[in-house]
Structures are given as structure tokens and as C-alpha cells.
S.K.: 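Sharing a structure here in C-alpha cells format.
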Amino acid sequence: GRTLKKRSIEEHGKKMDLELHAMKIESKVTSRFAHTVVISQVLNRANVSKEAFFEIELPKTAFITNFSMTLDGVTYVGVVKEKEVAQKQYQQAVSRGQTAGLVKASGRKMEKFKVSVNIGTKKKVIFELTYEELLKRHLGAYEMQIRVKPQQLVNHFQIDVHIFEPQGIAFLNVDANFLTNNLTSIVKNTTSGTKAHVSFKPTLQQQRKCPDCHETILDGDFIIKYDVNRDLSAGSVQIVNGYFVHHFAPANLARIPKNVIFVIDHSGSMSGTKMHQTNEALVKILGDMDTKDHFGIIIFDDTIDTWKGTIFQATLENVIEAKKFVKSISARGGTNINDPMVSAVRLLDKAYQDKQLPERSVSMIILLTDGHPNSGESDPTRIQQNVKNAANGKYNVYCLGFGYDVNYNFLEKMALENNGVARRIYEDSDAPLQLQGFYDEVANPLLLDIEFQYPENAISESTQANFKHLFAGSEIVVAGKIVDNSLDYLRADVVAKTANENLTLQAEVKVSEAENITQQQQYIFGDFTERLWAYLTIQQLLEKRISAETDEKKNLTDRILELSLKYSFVTTLTSMVVTKPEENKNNTFVADKPSEDEKVTRPSFSGYSMGVSSRFQRPVYSYVDSD
Amino acid sequence: PHFIISINDRSDAICFNIDGKPGAILNVVTDPSTDFVVNGELIGEKKIEKNVKMNTYFGKFGIVNTQMGVKVEVSTKMITVFHGVEKIIFPWSSTASLTKESFSISIVKEKNLTLTMGDDATFVIVLHRVWKNHPLHRDFLGFYTLDSHRLSNRTHGLLGQFYREVNAEIYNIRPGLDQGKPDATMIVKGHKLRVTRGYQKDYRLDPKRGTNIPCWFVHYNGKGFIDGIPTDYVVTSLF
């Protein structure tokens with residue numbers, strides 16, 4: 001009889017010189033904090049040395065915490081260092097003509113980590129990268145994105161995601177855009193109560209694009225979306241090893257009316273697609289407004305024009321009129337950002353004075369611009385000051401930077417100084433959806449002036465505990481240290497305002513019980529609460545640093561550095577240095593975290609990948625400095 | 001459900017039971033002057049046994065103050081507050097409070113809620129949790145009036161009619177049918193009634209075991225003590 005032989009990637013005589021033998025992506029998520037490890041094993045079957053690449057994309061919100069490569073049984077581990085120190089080391093390496101590995105921004109949500117190493121004949125290398133991130137609740141779900149692109153068939157390919165959420169998992173969906181309908185069954189999803197396990201282990205045959213070809217279908221995003229059970233309560237408080245984390249996103253709250261002033265750039269640079277897309281998005285956004293909301297529209301180039309000079313309630317008639325107006329906006333002239341922003345503030349001030357707006361409502365200004373201020377007040381710092389002084393903490397300012405030429409730093413600082421956020425709108429066919437998506441995030445305010453109160457002497461180093469708003473579909477997270485060793489119960493009070501009333505919610509957690517519950521779970525990595533606290537603290541300090549003055553900025557920088565180094569996070573202030581072996585000399589590479597400030601480029605090549613090049617055709621690297 | 005009414009300047013108490021059918025809704029308090037209403041829906045045991053007297057309890061309360069635009073529905077599962085067009089649902093599993101100038105609700109998780117309507121009235125609703133696998137009993141609610149001094153003289157309902165001071169004369173205390181439970185004659189609201197000494201439970205402080213309140217028990221659904229008969233208090237909806 002004929003011997004049945006397992007099909008392998010070597011069949012049909014097309015033996016691969018560099019074989020991606022195994023790739024394993026394992027993620028453990030506890031209370032939204034995800035710890036992901038990517039392990040890739042490459043064999044060199046050729047009779048000459050080959051250069052193997054390890055290239056993966058990780059979420060921009062993640063911090064790399066560890067990287068190692070094992071060659072000939074020797075493991076080379078990355079060390080997180082202060083950026084300046086790492087840069088000196090890197091420059092020395094460059095001056096010696098050596099190469100450097102790095103992280104680059106890649107597209108909207110991801111950044112790319114890439115490193116290569118030369119491996120001798122019949123040898124193997126194992127790459128291992130670890131990163132951590134706090135999954136953010138966005139429009140009612142946490143989203144975990146794993147970008148998959150091995151570029152060749154993999155003998156052992158595996159994605160394993162274990163989730164533990166003490167509040168219970170309300171739903172969990174897995175979507176992989178590269179899987180055809182008949183292959184979706186390969187994804188195993190087991191969810192029960194507080195735990196979920198998602199597993200994806202395609203065989204070689206299942207990875208093939210066609211029965212006998214070597215092309216792989218594994219090219220795209222593997223996305224897990226889930227949410228936890230929630231009700232109208234103070235939320236969930238978990239305590240592990242003396243650190244607590246408090247998640248708050250109550251259900252069953254009525255929305256609070258909002259007042260939005262859209263400040264729309266229609267300068268010459270917006271002409272064409274951007275203007276059409278803006279018109280399209282605004283029409284849709286106006287259509288989605290609640291009738292209790294109020295809105296105003298200010299358009300600007302080098303002059304400003306307030307639609308009908310006032311704010312309107314979003315009644316059907318007013319919305320129809322406004323839609324006609326926004327459809328007619330066309331691009332021309334320069335860019336005066338100062339005057340329309342100050343006018344937007346005055347418009348809201350007047351509407352409040354005239355009692356035109358509900359007493360308890362959320363007022364916001366949404367600025368959409370694609371360029372730099374070049375008309376009227378054009379000094380970004382003075383514009384920021386003018387807007388801050390005018391708004392005086394009363395109104396949120398959201399800045400949407402459209403396209404590649406915006407001064408993102410300027411917009412980000414202006415937004416952060418006024419309780420808002422900045423976002424990039426990527427110039428692409430889905431720009432209207434991006435605009436609408438952002439609007440949806442802030443469309444439904446649920447609570448105002450939210451204050452988290454914990455026993456003063458029992459906790460310390462809490463992350464931000466006062467928030468201006470809570471929007472539907474989002475979540476507030478507070479973490480801190482418990483300093484009272486004899487604390488039996490941790491009591492958390494959440495005080496906030498709803499549309500009509502003042503709301504107080506209270507949670508009381510027995511410290512010993514909380515510790516027990518989480519410690520009994522096999523899913524967690526022991527110190528996750530502490531790492532989550534460090535992650536959140538760093539994120540918030542980095543944000544605060546953007547609008548800090550000199551002295552405060554230095555203090556913040558010192559603290560961020562201290563925490564990043566202590567917890568081994570590659571943030572925008574630290575770098576990871578790995579010394580890799582290359583024949584008889586050592587080669588240093590540095591992994592940095594890029595910032596959103598970088599000029600955006602379209603992604604051209606992405607995914608978890610492994611490539612091959614001749615050792616004499618070294619890839620050219622450029623050093624990416626995020627700061 | 002059983003009712004306990006303080007009499008004679010709180011020096012004594014009268015109690016009575018109201019037997020009704022599960023699903024029936026009884027008016028507990030109505031004040032037409034302040035547009036304030038409390039209604040309660042009856043629930044029975046999990047199993048109905050033939051030829052055995054069926055006990056009923058309050059499983060849901062509806063509290064309305066039309067002048068304030070507030071409606072509160074309290075069930076054994078959740079508390080729903082309607083304020084204007086706003087609707088907020090609290091589970092019993094959380095400690096929470098909601099305050100507005102005119103009213104406030106304060107929930108102590110799995111225990112009770114206190115509802116204050118301005119200066120008019122303060123009530124406590126106690127949650128009685130029963131082991132969920134109990135073959136017979138189910139969760140139920142208790143309703144207590146802490147303060148009703150601002151409600152008008154026109155206030156009525158099974159409880160509301162007693163917000164005005166009740167003067168009852170008890171005399172001729174004599175041995176009753178049960179040993180240790182003397183009977184007496186009570187003159188109240190112009191009626192002469194036979195009452196029996198006993199105890200009823202107040203669950204405000206101890207929701208599990210309750211506190212014994214000595215009281216004179218009025219037989220036959222409080223006949224003669226309450227105005228009219230129990231069916232006079234049946235209403236069609238919670239609000």
C-alpha cells in the first residue's frame with residue numbers, strides 16, 4: 001500500500017530555504033489588561049547563512065515590555081533604557097556601520113516592530129516579543145486586534161487568547177477578515193461566565209490559498225470584540241497584591257442633552273475629496289442628532305461664517321435646513337483657526353446666557369481642519385491660549401486633524417487643555433465613517449463631573465479620579481495602591497450628575513476575598529493589577545505632559561521614566577536595546593515607541609511576517625525618533 | 001401582607017392582614033392634594049396548595065408623585081426611577097443614591113431603599129431575600145412610612161388612612177381562644193371590634209428575623225378598622 005505522508009511546506013520540491021517553523025501568539029487578558037506574547041521560530045535549511053526578519057505589528061496603545069531572540073541556544077534579551085542613553089548606544093552602533101532595528105508607526109492603529117538576524121546554515125532562531133495594553137472600551141466593546149501576516153505557510157501556527165473578566169462576559173465575537181466562510185469554523189470560541197478562550201490553529205492545508213499552492217490565506221486582522229456584564233452600580237473593583245483597579249461604565253442611564261458647535265475648515269486645501277467627505281459626514285451626523293440636542297455650525301477659511309448666526313435645537317426642520325447648508329460648503333481661501341474657535345465659545349456663552357440651552361447639558365466644540373493656521377492669529381501657542389482662556393473649562397474641545405499636513409501637536413494640546421481629545425482623520429475612502437465614528441463616541445453623554453472617592457489614608461498614587469464626562473459605550477478606569485495593610489474593606493464611592501439628579505454609587509470590596517478570587521484564576525499573570533496601574537499612570541502622565549509647563553514637564557518626565565524603566569515599558573521616553581550576534585561582532589538595535597505626532601504615511605507592508613534577503617543585501621534602516 | 005399601625009400616640013399598635021390574590025394591586029397610599037400615590041402588587045408562594053390558606057406578599061411597589069414628575073417602581077429584582085423622560089434602573093446589587101432637590105432615593109445593596117419626597121414624606125422599602133431554591137417562598141418587599149407629616153388630611157389607602165392619628169380604646173381584656181393571646185374589645189372609627197393580642201414583625205432593623213411588635217390583631221382583613229373592605233383598595237395598575 002501507499003504510505004500516507006503528512007503534507008508539509010517542503011512538498012512539490014519547493015523546499016524553502018528559510019522556514020517559518022512555528023508562530024504562536026498567546027494573549028492573556030484579565031480585567032481588560034492584555035499581555036501578549038508572540039513567538040516565532042525560523043529554521044535556515046539552506047547551505048548558506050540567511051537573514052531572517054521578525055516583523056510584527058502591535059497596537060499603538062500597547063507598550064512593548066520584552067523582546068528576546070535565541071540563537072544557537074543563547075538568548076539575547078532586550079533591555080529598556082532611557083531614550084537618550086539608548087540613542088547614544090545606537091549612534092555608536094551606527095558609527096560602526098552596524099544596523100538597528102526599530103518600531104515605526106504603521107497605519108491608523110498599529111505600529112510595526114521589525115528586526116533581522118543572520119542565521120547560519122541548518123540553524124534556527126526563536127524570536128519572542130511581549131507587549132501589554134489596556135483594552136479600551138469603544139462604542140460598547142473592548143477590541144483586541146492581532147494582525148496576522150506570516151507571508152508563508154507555517155508548520156505550527158497558533159493564536160490563543162484567554163480572557164478572564166470577573167464581571168462576566170456579556171458577548172464575545174471573533175472576526176478574521178482573511179477567513180473564508182468555510183474556514184470560520186477553525187476559530188474555536190469557548191465562553192462561559194467569567195472566562196473565554198479563543199483558539200485558532202489552522203493546519204497547513206487550511207492555510208493554503210489553493211490546494212497545491214504555497215500562498216497563505218493568513219493575511220489580515222484577527223479581531224476579538226467583547227463586553228462584560230454591567231448594571232447601574234459603582235462598577236467592578238479588583239485587588240491583587242496591594243493594587244486595585246476600578247472599572248466604571250454603568251448601564252441603564254439616560255443620556256444627557258448635548259450642544260455641539262461644528263467648526264469646519266473649508267480652506268483651499270480641503271478642496272476635492274476632503275470637502276466632499278466632510279459634507280457627507282456632516283449630513284449623516286446631523287441626521288443622527290437627538291432632537292433634544294442643540295447645534296451650531298461655523299465654517300472658516302481666512303474668514304468665518306456662523307450658519308444663521310446662532311445655535312439651533314436639532315428639530316427635524318432645523319436639521320433639514322442645516323443639511324442643505326453643509327452640502328453647499330465648498331473649499332476656498334486660507335486657514336484662520338483662532339477666530340472661529342473663539343466665536344464658537346462665544347456662541348455657546350450667549351446661548352447659555354439667553355437660557356436657550358438645557359441647564360444640565362454637555363457643550364462641545366468639534367474642530368475639523370486639515371492644515372496649519374496661516375491667517376489671522378497664526379501663532380499656535382497664542383491660539384491655544386486664546387481658546388483656553390475663552391472656554392475656561394466650560395466646554396470640551398475636540399480636534400480632528402484631517403489628512404497628512406495637519407499640525408497634530410498643536411491640535412492635540414488645544415484639545416487636551418479643554419477636556420477633549422484630538423484624533424487623526426486619515427485621508428482615505430472611509431474618512432466620512434471615521435468622522436462619524438468619532439462623533440458617535442461623544443454623541444451620548446451619560447454622566448457629568450464624575451468623582452471617584454476612596455478612603456484617603458488607605459490608598460495612594462491613584463490614577464486620575466475626576467472626570468468631566470462619561471459617554472455611552474466608553475469606560476472609566478481608576479487604579480491605585482493600597483497602603484493600609486490592615487484594610488479589610490475597600491470602599492469606593494462614585495459621585496456624579498445625571499441629566500436631572502445627583503448620583504452616588506458605592507462599592508465595598510472585602511480585600512481578602514477580592515485577592516482570593518483573582519488569585520484562584522489561572523488566567524492571570526500575578527502582578528497584572530500593578531502593571532495595569534503602572535501602564536495607566538504612564539499613559540495619563542504622557543498625556544498631561546503634552547500641555548505641561550517647563551517645571552511640571554520635567555517632573556512628569558522623571559516620573560514617566562522612572563515607571564517605564566521599573567516596569568520595562570517601551571514608551572515614547574524609553575527605548576529597548578538588544579544586542580544581537582552577527583558573526584564575531586555584536587550589533588545593537590533599538591526599539592522606540594513612535595508618537596502620534598509623526599507624519600502619517602500610508603501603510604505599505606504589514607503583519608507578523610518573516611522575510612528573506614541575501615545577507616549582502618542588508619535592509620536600510622532609518623532611526624525613528626518619536627520625540 | 002400584614003399591616004402594623006401605631007395608635008394612641010405610638011403607645012400601642014394595631015395589626016391586621018389583607019388576603020388578596022397574586023397579581024392584585026392594592027392602593028397603599030393616595031394623597032389627592034399632593035398627587036402622591038403608592039400601590040403594591042401582590043405575589044403568592046411558588047406553589048399553590050389546595051385547601052391551604054394562601055399567603056400573599058408585596059412583590060412590587062409603584063410610587064408616583066405627579067407634581068414632581070417622579071415615578072418609582074420597586075420590584076424584588078430592580079428599582080426603576082422615571083423622572084420626566086429619564087429612566088434609570090438600579091439593581092438591588094448596588095449601593096447607590098440619587099438626589100434631586102425635590103426627591104432622593106438611597107439604596108443599600110440587597111437590603112433596603114429610602115425614598116424621600118421633599119419635605120412631604122419618607123418611606124423605606126425593605127427587600128426580603130429568600131434562598132432562591134426554596135421550594136415555596138420567594139423574595140418579597142416590605143413598605144414602611146418614616147415620615148408623612150406633610151401629606152394632606154385627604155390621604156387615604158390601606159396605610160394612608162392611618163397617617164392621621166388613630167384613637168382606639170381597648171378595654172375588657174380577657175383570655176382568648178389561644179393561651180397567651182388575650183382578646184379585648186376595641187372601639188375605633190365608631191366600631192366595636194374583637195381584637196386579639198399578638199405580635200407582628202417589623203423588618204426594618206433586622207430584615208432576616210425581624211423585631212417583634214406587640215399589637216392588637218383585627219380579624220377578617222381588618223374589618224371595621226380599615227375603611228370599607230379590601231376590594232375597595234384594588235386598583236388596575238401600579239401607576
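Bear in mind the structure is a predicted one, so any value in this text is a computation, not a measurement. Heavy-atom basis, side chains included; hydrogens, waters and symmetry copies ignored.
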S.K.: Please determine whether a side-chain nitrogen of the Lys or Arg among A:Glu165 and A:Arg32 lies less than 4.0 Å from a carboxylate oxygen of the Asp or Glu.
M.R.: yes
S.K.: Among B:Ile88, B:Thr80, B:Thr99, which has the most heavy-atom pairs under 4.5 Å with chain A?
M.R.: B:Thr99
S.K.: In Å and rounded to the nearest 0.5 Å, what is the CZ to OG1 distance from B:Phe103 to B:Thr116?
M.R.: 10.5 Å
S.K.: At their closest point, which heavy atom of A:Val477 faces which heavy atom of A:His247, and how far apart are they?
M.R.: CG2-ND1, 3.7 Å
S.K.: Using a strict threshold of under 4.0 Å (side-chain N to carboxylate O), is an ion pair present between A:Asp293 and A:Arg255?
M.R.: yes
S.K.: Measure distances from A:Lys292 to the heavy atoms of chain B and classify the residue's part below 4.5 Å as side chain, backbone, both or neither.
M.R.: side chain
S.K.: Is chain B contacted by the side chain of A:Ala499, its backbone, both, or neither, given a heavy-atom distance below 4.5 Å?
M.R.: both
S.K.: Which one, B:Ala96, B:Ser93, B:Ser104, leads in non-hydrogen pairs under 4.5 Å with chain A?
M.R.: B:Ala96
